[in-house]
There are 2 protein chains.
Amino acid sequence: MQTALSTSGLSHAPSATLLREYPAARTNEAPILGTTRILAKDEQIFTEGDRAAFFYKVVSGAVRTSKLLSDGRRQIDAFHLPGDIFGIESGEEHRFTAEALGSATVVVYRRCSLETLACSDGAFAHQIVAAMMRSLERAQDHMMLLGRKSAAEKIATFLLDMDRRLSDRDHVDLPMSRTDIADHLGLTIETVSRSLTQMERQGLIELPSHRRTIVLANRAALRSLEA
Amino acid sequence: MQTALSTSGLSHAPSATLLREYPAARTNEAPILGTTRILAKDEQIFTEGDRAAFFYKVVSGAVRTSKLLSDGRRQIDAFHLPGDIFGIESGEEHRFTAEALGSATVVVYRRCSLETLACSDGAFAHQIVAAMMRSLERAQDHMMLLGRKSAAEKIATFLLDMDRRLSDRDHVDLPMSRTDIADHLGLTIETVSRSLTQMERQGLIELPSHRRTIVLANRAALRSLEA
DNA sequence: CGCCCGCTTGATCTGACTCAAGTCAAGTGG
DNA sequence: CCACTTGACTTGAGTCAGATCAAGCGGGCG
């Protein structure tokens with residue numbers, strides 16, 4: 001598996017760079033090598049209950065990790081954007097399903113057990129632990145949102161978060177459907193739609209195409225709505 | 001680094017034993033020493049924004065960690081029971097408030113930075129990482145509960161979880177108030193109360209004293225209610 | 001060949017109505 | 001007295017059903 005010549009200028013992590021060496025063939029940079037995998041829209045990366053032999057880092061596109069209840073109700077715990085690591089488990093099995101939101105590319109790393117991790121190369125271990133901590137912090141903030149915020153507050157928080165993580169200047173191009181947003185925020189698709197429409201009426205946002213581009217016209221007002 | 005002769009018989013963790021050496025004076029057992037601290041009911045251990053110089057393990061009693069919204073709405077992210085570790089942060093500040101539920105005892109450990117952690121003693125680091133992973137897994141399961149479960153399902157899940165974690169045979173002695181339960185499950189105190197009353201009417205539980213003792217009369221039915 | 005048009009499809013939006021959970025205000029009992 | 005329960009009423013968000021919008025497809029035709 002030969003790596004493309006140029007991964008030049010691909011700094012996709014907004015925060016600290018994690019695991020720089022995603023091209024598969026770059027040997028000796030880290031104790032664990034990664035191979036890239038290209039995914040089609042909605043392609044499944046792993047399911048709840050799968051043996052957790054690997055973990056992943058998003059290179060391009062976006063990934064959702066979700067859980068299902070027996071009757072089909074779904075909770076999307078997180079959206080993973082370029083630079084984000086997902087699929088780390090302490091047990092033997094994946095506790096989520098991971099699917100590509102659109103077409104996407106991920107790097108696959110062989111799982112290292114927690115024991116191995118702690119003893120292995122410090123810098124590498126540190127990156128993994130940092131990714132875990134970030135997941136934990138996001139999950140904790142999200143519990144506040146799910147348990148205590150109103151629909152409008154949830155949407156405002158979500159939009160500002162997406163803006164921060166993937167803003168193209170003044171607008172956000174969401175990689176996910178309304179259904180995904182609803183299942184992430186603990187709402188229904190109708191409530192998501194109505195909230196967005198109302199925010200547009202109030203001049204907080206613009207929805208130019210009835211699709212996935214959203215212009216944040218008044219970030220300050222959104223922030224005050226966030227609660 | 002000498003290991004102690006005897007960390008005799010003090011296994012309070014229901015799961016894998018973590019950090020056995022809480023008595024303060026036992027030197028040289030681990031790279032980080034713990035001193036015990038005794039807390040009164042509702043005493044604050046740290047608040048959101050405090051410098052995160054220490055982390056903690058519950059010895060006896062119970063602790064809640066919570067976040068507040070500007071208008072006072074509260075979300076309790078977790079209850080910590082004997083053996084549980086809380087207060088680990090990746091940043092410089094605590095992101096939660098921690099308070100004792102009743103009178104409680106905790107061991108205080110000096111914080112080690114993530115960098116130090118990764119390089120330090122393998123067994124110790126492993127215990128910390130395992131505690132973080134457990135927090136993450138609990139948070140993830142709790143997001144499913146907060147986002148997608150009904151009031152009855154939330155209560156059933158909560159009761160079974162408490163039963164598992166501190167069951168005294170057939171009944172549970174809850175260490176927290178209805179208000180705490182409500183703020184943990186994303187409900188109001190009235191809804192918690194009504195749900196419990198209804199479960200009693202249906203014969204799923206018994207509330208002998210109108211207080212914090214709950215008899216789980218029909219665990220199987222509770223489990224099917226859990227969704 | 002390339003364009004237009006009608007049809008289909010998938011996603012989103014909207015309106016009318018329902019209901020689970022919240023709010024407010026008394027009780028109750030340990 | 002304080003934590004908890006209960007009842008009466010309200011409401012935010014869900015459900016159901018249908019409309020709208022934007023793409024994509026395929027065939028006929030200039």
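Note that the structure is predicted; figures quoted are calculated from it, not measured. Every heavy atom of this structure was used, including side-chain atoms; hydrogens, water molecules and symmetry mates were not. Every chain is numbered from 1, with letters handed out A, B, ... down the list of sequences.
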### Task
Give, ordered by number, those residues of residues 140-147 of chain B having at least one heavy-atom distance below 4.0 Å to an atom of DNA chain D; if nothing qualifies, reply none.
none

### Message
For D:dC4 and B:Arg212 - does any side-chain N or O of the residue sit under 4.0 Å from the phosphate oxygens OP1/OP2?
### Response
yes

### Message
Below the 4.0 Å mark, does C:dT12 have OP1 or OP2 next to a side-chain nitrogen or oxygen of A:Arg211?
### Response
no

### Query
Is it true that B:Arg95 and A:Asp141 have a side-chain N and a carboxylate O under 4.0 angstrom from each other?
yes

Do [X] and [Y] come close enough that some side-chain heavy atom pair is under 4.5 Å?
X        : Y        : value
A:Arg178 : A:Leu196 : yes
B:Ile85  : B:Ile88  : yes
A:Arg74  : A:Thr179 : yes
B:Lys67  : B:Thr97  : no

### Query
Going by the angle between their ring planes, with limits at 30° and 60°, are B:Tyr56 and B:Phe86 parallel, tilted or perpendicular?
parallel

#### Entry: Sugar-phosphate only, base, or nothing, as touched by A:Ser193 at under 4.0 Å among non-hydrogen atoms
base

### Message
Is it the case that over 12 heavy atoms from other parts of the model lie below 6.0 angstrom from the CD atom of A:Gln202?
### Response
yes

### Message
Looking at A:Glu48, I'd like to know if its CD atom is crowded, meaning that more than 12 non-hydrogen atoms belonging to other residues, nucleotides or ligands lie closer than 6.0 Å.
### Response
yes

### Message
Treating primed atoms plus P, OP1 and OP2 as sugar-phosphate and everything else as base, which nucleotides of nucleotides 12-18 of chain D get B, S or - for protein heavy atoms under 4.0 Å?
### Response
-SSBB--

